[in-house]
Number of protein chains: 2
Amino acid sequence: MQSKSNFKNCLLYVITDEKLGQERSHYEIAKLAIAGGADIIQLRDKSAPGKKMYEDAVKIRKLTGETGTIFIVNDRVDIALASDADGVHVGQNDLPASIIRKLIGDDKILGVSAESVDDAVRAKQDGADYLGVGPVYEARGSKPDTSAPWGLRLLKDVRAAVDLPIVAIGGIKYENAAEVIRAGAHCVSVISAVVSASDIRKATADLRQLIENERSRRDG
Amino acid sequence: MQSKSNFKNCLLYVITDEKLGQERSHYEIAKLAIAGGADIIQLRDKSAPGKKMYEDAVKIRKLTGETGTIFIVNDRVDIALASDADGVHVGQNDLPASIIRKLIGDDKILGVSAESVDDAVRAKQDGADYLGVGPVYEARGSKPDTSAPWGLRLLKDVRAAVDLPIVAIGGIKYENAAEVIRAGAHCVSVISAVVSASDIRKATADLRQLIENERSRRDG
């Protein structure tokens with residue numbers, strides 16, 4: 001199992017999605033993304049029955065254990081526990097972070113999505129180990145027109161306010177990843193930029209190289 | 001918390017459903033069903049986000065704790081643990097029962113839906129405390145025409161093969177509950193027969209009385 005201390009060095013966080021994966025399974029997506037250098041794999045499936053998601057989690061846990069990749073399960077704390085994932089990621093509408101911390105203990109990684117500085121401050125108080133900050137580029141419900149500059153500003157504000165690793169989320173791709181790093185993100189998470197690529201391995205490798213270059217430039 | 005040993009004396013098991021509840025919440029349904037004599041309340045919500053389901057579970061846990069009613073959470077083992085429910089109920093497409101037993105420990109109640117004698121035998125091996133057997137009257141996917149006699153036969157077969165409390169599930173209502181008990185069920189579970197009633201308390205009380213009478217007649 002990967003320790004939390006590795007987290008701040010992570011650059012690229014790939015979230016699996018079979019609907020966007022062009023017939024490729026969660027496992028196949030994970031395997032190709034890991035081959036391309038993904039530091040973290042998140043299994044995310046909002047519609048699969050528990051049995052299928054558990055079976056996928058067990059397979060990806062085995063794979064990530066072999067490669068030393070951090071493995072996170074989205075939302076389903078029970079499946080994270082059952083598969084011995086490294087951690088769990090939740091949004092503001094999922095089980096409360098403070099409750100999850102009690103269920104998973106101190107060793108597992110807890111990630112929480114934050115759409116505001118207040119969300120981020122509360123997530124840290126509730127025991128989060130990292131923040132998923134955004135959506136940086138995707139429309140946010142009722143305010144579709146404000147998302148791009150709003151998202152970069154949010155990254156800067158959260159970075160200034162909360163001392164936790166920041167994973168930027170929401171609509172990030174090769175063309176805009178550099179400015180996300182410049183705005184303060186430690187790590188970039190993607191779904192479609194990698195999962196929908198015809199060559200997942202190459203898309204992962206190219207994006208990770210860009211992030212690595214940009215972080216070196218920023219952090220010196 | 002209710003002990004498993006109470007389970008075999010239970011007669012009526014009410015599953016909450018806000019979609020069928022005519023604007024009444026899970027909590028309101030539970031409260032009225034308990035007032036009518038429900039022995040067990042199961043919170044079931046396949047579409048609610050985790051946060052809402054957790055909040056509902058906490059409220060129903062408090063209520064059932066006060067009334068001494070058994071409280072079961074459907075599918076979401078994490079929410080059962082987080083709300084300190086008495087147990088969890090899963091179907092064949094949910095997390096495997098053997099895995100859930102490890103997550104919940106020995107004290108909590110584990111219920112498993114069985115659609116065949118094989119399912120029932122395996123559920124007992126995997127650590128189930130009771131079986132949800134059916135669907136007794138509802139159509140089963142590809143075989144809508146065979147369900148009624150098939151369901152009663154299944155109850156008899158499972159009763160003969162497996163020594164666990166049997167909760168009959170699927171399309172049971174006042175008019176057919178007696179024959180379900182005669183076929184060997186210990187307990188009857190309902191959704192719409194109670195949840196969709198204009199007077200939930202009365203529908204619960206009437207159905208429970210009928211089951212009690214029929215069990216007394218059967219068991220002497």
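Residue numbering restarts at 1 for every chain, and letters A, B, ... go by the order of the sequence lines. Being a predicted model, the structure only gives us computed values, none of them experimental.
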Asks: So which of A:Lys46, A:Lys102, A:Lys51 has the largest heavy-atom pair count under 4.5 angstrom toward chain B?
Replies: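 Top option by heavy-atom pairs under 4.5 Å: A:Lys51.
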Asks: Could you tell me whether the side chain of A:Asp39 and the main chain of A:Leu11 form a donor-acceptor pair under 3.5 Å?
Replies: yes
Asks: Under a 4.5 Å heavy-atom cut-off, does chain B meet the side chain of A:Gln92, its backbone, both or neither?
Replies: backbone
Asks: Given a strict heavy-atom distance threshold of 4.5 Å, which part of A:Leu81 is in contact with chain B: side chain, backbone, both, or neither?
Replies: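 Backbone plus side chain of A:Leu81, per the 4.5 Å heavy-atom cut-off to chain B.
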Asks: Hey, is A:Asp86 close enough to A:Arg61 for a salt bridge, meaning N to O under 4.0 Å?
Replies: yes
Asks: If you count heavy atoms of other groups shown closer than 6.0 angstrom to NZ of B:Lys124, is the number above 12?
Replies: yes
Asks: Which atoms of A:Leu95 are under 4.5 Å from chain B, going by heavy atoms: the side chain, the backbone, both sets, or neither?
Replies: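 Both backbone and side chain of A:Leu95 come within 4.5 Å of chain B.
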Asks: Without swapping roles, check the side chain of B:Lys108 against the backbone of B:Ala85 for a donor-acceptor pair under 3.5 Å.
Replies: yes
Asks: Check whether any side-chain heavy atom of A:Tyr130 sits under 4.5 Å from a side-chain heavy atom of A:Cys187, and report yes or no.
Replies: no
Asks: Could you have a look at A:Asp94, A:Ile79, A:Val90 and say which one has the most heavy-atom pairs with chain B under 4.5 angstrom?
Replies: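 Of the candidates given, the most pairs with chain B belong to A:Asp94.
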